[in-house]
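First up is the structure itself, then whatever we jot down about it.
Side chains included, hydrogens not; waters and symmetry mates left out as well; all remaining heavy atoms used.
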Amino acid sequence: VGRDSLTAERKWWDDNWEQANSELSLDRIRREEYFDRLIDLINERRPERILEAVCGRGQWIKGLGELGFSVDGADFSNVALQIAKENCGGANLFQCDLRSISVQSGCYDLVLSLGVIEHFEEGPGPVLREHGRILKSSGVLFAHVPFLNLNRRLNLVWRGFEYIRQSNRVRKLLGLRKAIFFEYMMTKKEICELFRGSGLEIVKGGPIYVWGGFDYDIPFFVKVGIVGKCLDRIRKFVDGHRKLFGPIFSHHYLVVCKKA
């Protein structure tokens, strides 16, 4: 599937959501590392209007709804929205291009952008600026993006694999099908510059999914030999030293922003 047109892009995401089978429940979102931080933020600020930008199958809308919070949902995919409608009752859901959301400026107190802005091949800037546009002057953006951590920057094996995976020239030589753009990864400096350049001030931020990045980037290391047998101990050790391992292995970077 190519992603050089809106039609192809929509089809790619429709197919993706149609095949997804993740659990939709409050217990599922409680397991997210940043769940407590989001709930604390909501309880502190008591937002009247919340939007999840790219709501997918509606797991956050459904889960937060069970806690008494009403959340609107926007998505590019018809399939995702249809599934979300079936799962989320009477929630306000609508289809849109995230680069041009069909709502008035300054109408939301809180926007959730959970792994969204990195998926736009022309760059995350237009999407991020649109997030800022629909926020009230006192509004907050809660977002996370893929983190180009220290291991990813220094690990030549990982960088070589990513180059082969994304380079259509190399893939053609190897007889592989054409690559599909999926996401950008960013360093902490790039994240700060991106959000600042989009008119947003980062109030809080830090790496998340420390173990997820460790497991994702070095799968052969954690699954073989004596290391594989000690996996639970390694995981507990990594999770117990997040400040140390966060900048090295974290999969994503979480930010809480307000309008600058």
Side-chain angles (χ1 to χ4, degrees), residues 22 26-45 52 59-60 63-64 67 110-119 124 128 131 140-159 161-162 182-198 200-260:
S22 58
L26 178 57
D27 286 341
R28 166 65 183 83
I29 65 171
R30 281 189 191 278
R31 294 197 292 269
E32 290 289 348
E33 183 177 326
Y34 51 84
F35 174 81
D36 289 340
R37 278 180 270 187
L38 176 57
I39 297 303
D40 288 345
L41 179 67
I42 293 175
N43 286 331
E44 175 189 340
R45 302 187 68 90
E52 183 180 9
Q59 67 176 17
W60 279 96
L64 291 174
L67 292 174
L110 173 63
V111 172
L112 308 179
S113 180
L114 310 177
V116 173
I117 64 172
E118 67 271 13
H119 293 300
L128 197 52
H131 285 358
V140 172
L141 171 65
F142 188 95
H144 64 72
V145 297
F147 184 36
L148 190 56
N149 59 47
L150 182 61
N151 174 64
R152 289 169 174 167
R153 297 201 301 273
L154 299 180
N155 189 329
L156 297 180
V157 174
W158 183 86
R159 290 172 70 91
F161 171 76
E162 286 297 296
F182 184 61
E183 67 182 14
Y184 290 105
M185 291 186 175
M186 292 163 266
T187 64
K188 178 181 178 180
K189 180 180 179 181
E190 289 170 337
I191 292 168
C192 292
E193 290 176 349
L194 172 65
F195 279 78
R196 190 182 305 116
S198 300
L200 296 163
E201 178 186 342
I202 296 178
V203 179
K204 298 178 182 178
I208 59 171
Y209 300 146
V210 181
W211 176 255
F214 189 88
D215 189 27
Y216 180 85
D217 294 341
I218 323 177
F220 64 89
F221 179 71
V222 299
K223 294 176 182 176
V224 299
I226 190 170
V227 173
K229 295 178 182 178
C230 300
L231 197 56
D232 286 340
R233 291 183 181 179
I234 294 173
R235 180 169 190 159
K236 289 178 181 178
F237 182 78
V238 171
D239 283 341
H241 297 80
R242 292 183 181 182
K243 287 187 178 181
L244 172 63
F245 289 109
I248 304 172
F249 291 114
S250 285
H251 192 35
H252 274 225
Y253 198 93
L254 176 71
V255 293
V256 179
C257 308
K258 65 179 182 179
K259 282 194 171 183

Inset, instruction - Give a yes or no on whether the backbone of I39 and the side-chain of N43 come within a donor-acceptor separation of less than 3.5 Å. - result: yes
Inset, instruction - Output the distance between atom OG (S250) and atom CG (L150), rounded to the nearest 0.5 Å. - result: 11.5 Å
Inset, instruction - Report yes if some heavy atom in the side chain of L244 is under 4.5 Å from a heavy atom in the side chain of V238; otherwise report no. - result: no
Inset, instruction - Please report the C-alpha distance between E190 and Y184 in whole Å, then the side-chain angles of each, then the deciding distance to 0.1 Å, and finally whether the side-chain contact (heavy atoms from CB on, under 4.5 Å) criterion is met. - result: CA-CA 11 Å; E190 289 170 337; Y184 290 105; over 6 Å; no
Legend entry - Non-hydrogen side-chain atoms of L112 and L64 separated by less than 4.5 Å: yes
Legend entry - Atom NZ of K258: over 12 foreign heavy atoms under 6.0 Å: no
Inset, instruction - Measure the spacing between OG of S198 and CD1 of I117 and express it to the nearest 0.5 Å. - result: 7.5 Å
Inset, instruction - Using atom types as modelled and distance alone, determine if a side-chain donor or acceptor of R152 lies under 3.5 Å from a backbone N or O of H251. - result: yes
Legend entry - L148 CG to I191 CD1 distance, which is reported to the nearest 0.5 Å: 9.0 Å
Inset, instruction - Side-chain contact test, heavy atoms from C-beta onward, threshold under 4.5 Å: evaluate it for P207 versus N149 and give yes or no. - result: no
Legend entry - Closest heavy-atom pair and its distance - I202, C192: CD1-CA, 4.0 Å
Inset, instruction - Determine whether V145 and L194 make a side-chain contact, defined as any pair of heavy atoms from C-beta on separated by less than 4.5 Å. - result: no
Inset, instruction - Indicate yes or no for a side-chain donor-acceptor contact from R30 to the backbone of F35 under 3.5 Å, with no hydrogens or angles considered. - result: no
Inset, instruction - Report the residue from E52, H131, E118 that forms a side chain to side chain donor-acceptor pair (under 3.5 Å) with S113. - result: H131
Legend entry - Test item: L254 and R37 side chains (from C-beta on) under 4.5 Å apart, heavy atoms: yes
Inset, instruction - Please state whether the rings of H241 and F237 are parallel, tilted or perpendicular, taking 30° and 60° as the class boundaries. - result: tilted
Legend entry - Heavy-atom closest pair, residues E183 and P146: OE1-CG, 3.6 Å
Legend entry - Contact check, side chains of H144 and E33, non-hydrogen atoms, under 4.5 Å: no
Legend entry - side-chain contact (heavy atoms from CB on, under 4.5 Å) between K188 and Y253, worked out: CA-CA 8 Å; K188 178 181 178 180; Y253 198 93; 3.4 Å; yes
Legend entry - Distance (rounded to the nearest 0.5 Å) between K259 NZ and L141 CG: 11.0 Å
Legend entry - Steps toward side-chain contact (heavy atoms from CB on, under 4.5 Å) verdict (I234, W211): CA-CA 9 Å; I234 294 173; W211 176 255; 3.8 Å; yes
Legend entry - R45 side chain reached by L110 side chain, heavy atoms, under 4.5 Å: no
Inset, instruction - Side-chain contact test, heavy atoms from C-beta onward, threshold under 4.5 Å: evaluate it for L114 versus F142 and give yes or no. - result: yes
